[in-house]
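A short write-up of the structure that comes next.
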Amino acid sequence: MGGTVPVADRKVFCAIVYALTAPCAWQKLPPCFGVSPATAHRRFAAWTRAGLWQRLHGEVLDRLGGAGVVDWSAALLDSASVRAKRCPYVLRQAADVAGGW
């Protein structure tokens, strides 16, 4: 049986982080990661469906918060993660929560 050997999760994770922060199109992923663009994208999609990124984000915030290095007095919302509504009441509520315009 001549199957392929799965690429280590750590290599794939590094390649995904690079592709998302470089920014780099999946097809242009440098070969130095040892991960094909198809593998990186496929695992990214699978890990996204599994909720990995939300869990990882929560874990990082918990650890940093526990160490006292997170400033919880400020927050940032953007339209990519929060649906913008046209209703003036909703906009006014959002401004009040954010401390004004």
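Residues take their numbers from the sequence shown, with the count starting at 1. Bear in mind the structure is a predicted one, so any value in this text is a computation, not a measurement.
- A salt bridge links Arg63 with Glu59; the closest basic N to acidic carboxylate O contact falls under 4.0 Å.
- Phe44 is not listed as a side-chain neighbour of Phe13, based on a closest heavy-atom distance of 4.5 Å or more.
- Residue Ala19 comes nearest to Leu29 through the heavy atom pair CB-CD1, 4.2 Å, listed as atom of the first residue, atom of the second, then distance.
- Looking at Thr21, its side chain does come within 3.5 Å of a backbone N or O of Val17 through a donor-acceptor pair.
- By the 4.5 Å heavy-atom criterion applied to side chains, Ile16 and Trp26 are counted as neighbours.
- Residues meeting the side chain to side chain contact (heavy atoms under 4.5 Å, CB included) test with Val70, sequence neighbours left out: Leu64, Trp72.
- For the side chain to side chain contact (heavy atoms under 4.5 Å, CB included) test, residues two or more places apart in sequence or in another chain that qualify with Ala25 are Gln27, Lys28.
- Contact of the Trp47 side chain with the Leu56 side chain is not registered, since no non-hydrogen atoms from C-beta on lie closer than 4.5 Å.
- Inter-residue side-chain proximity for Val7 and Arg43 is flagged as met; some heavy-atom pair is nearer than 4.5 Å.
- Going from atom OG1 of Thr48 over to atom NE2 of His41 covers 8.5 Å, rounded to the nearest 0.5 Å.
- Here OG1 of Thr39 is found 11.5 Å from NZ of Lys11. Values are rounded to the nearest 0.5 Å.
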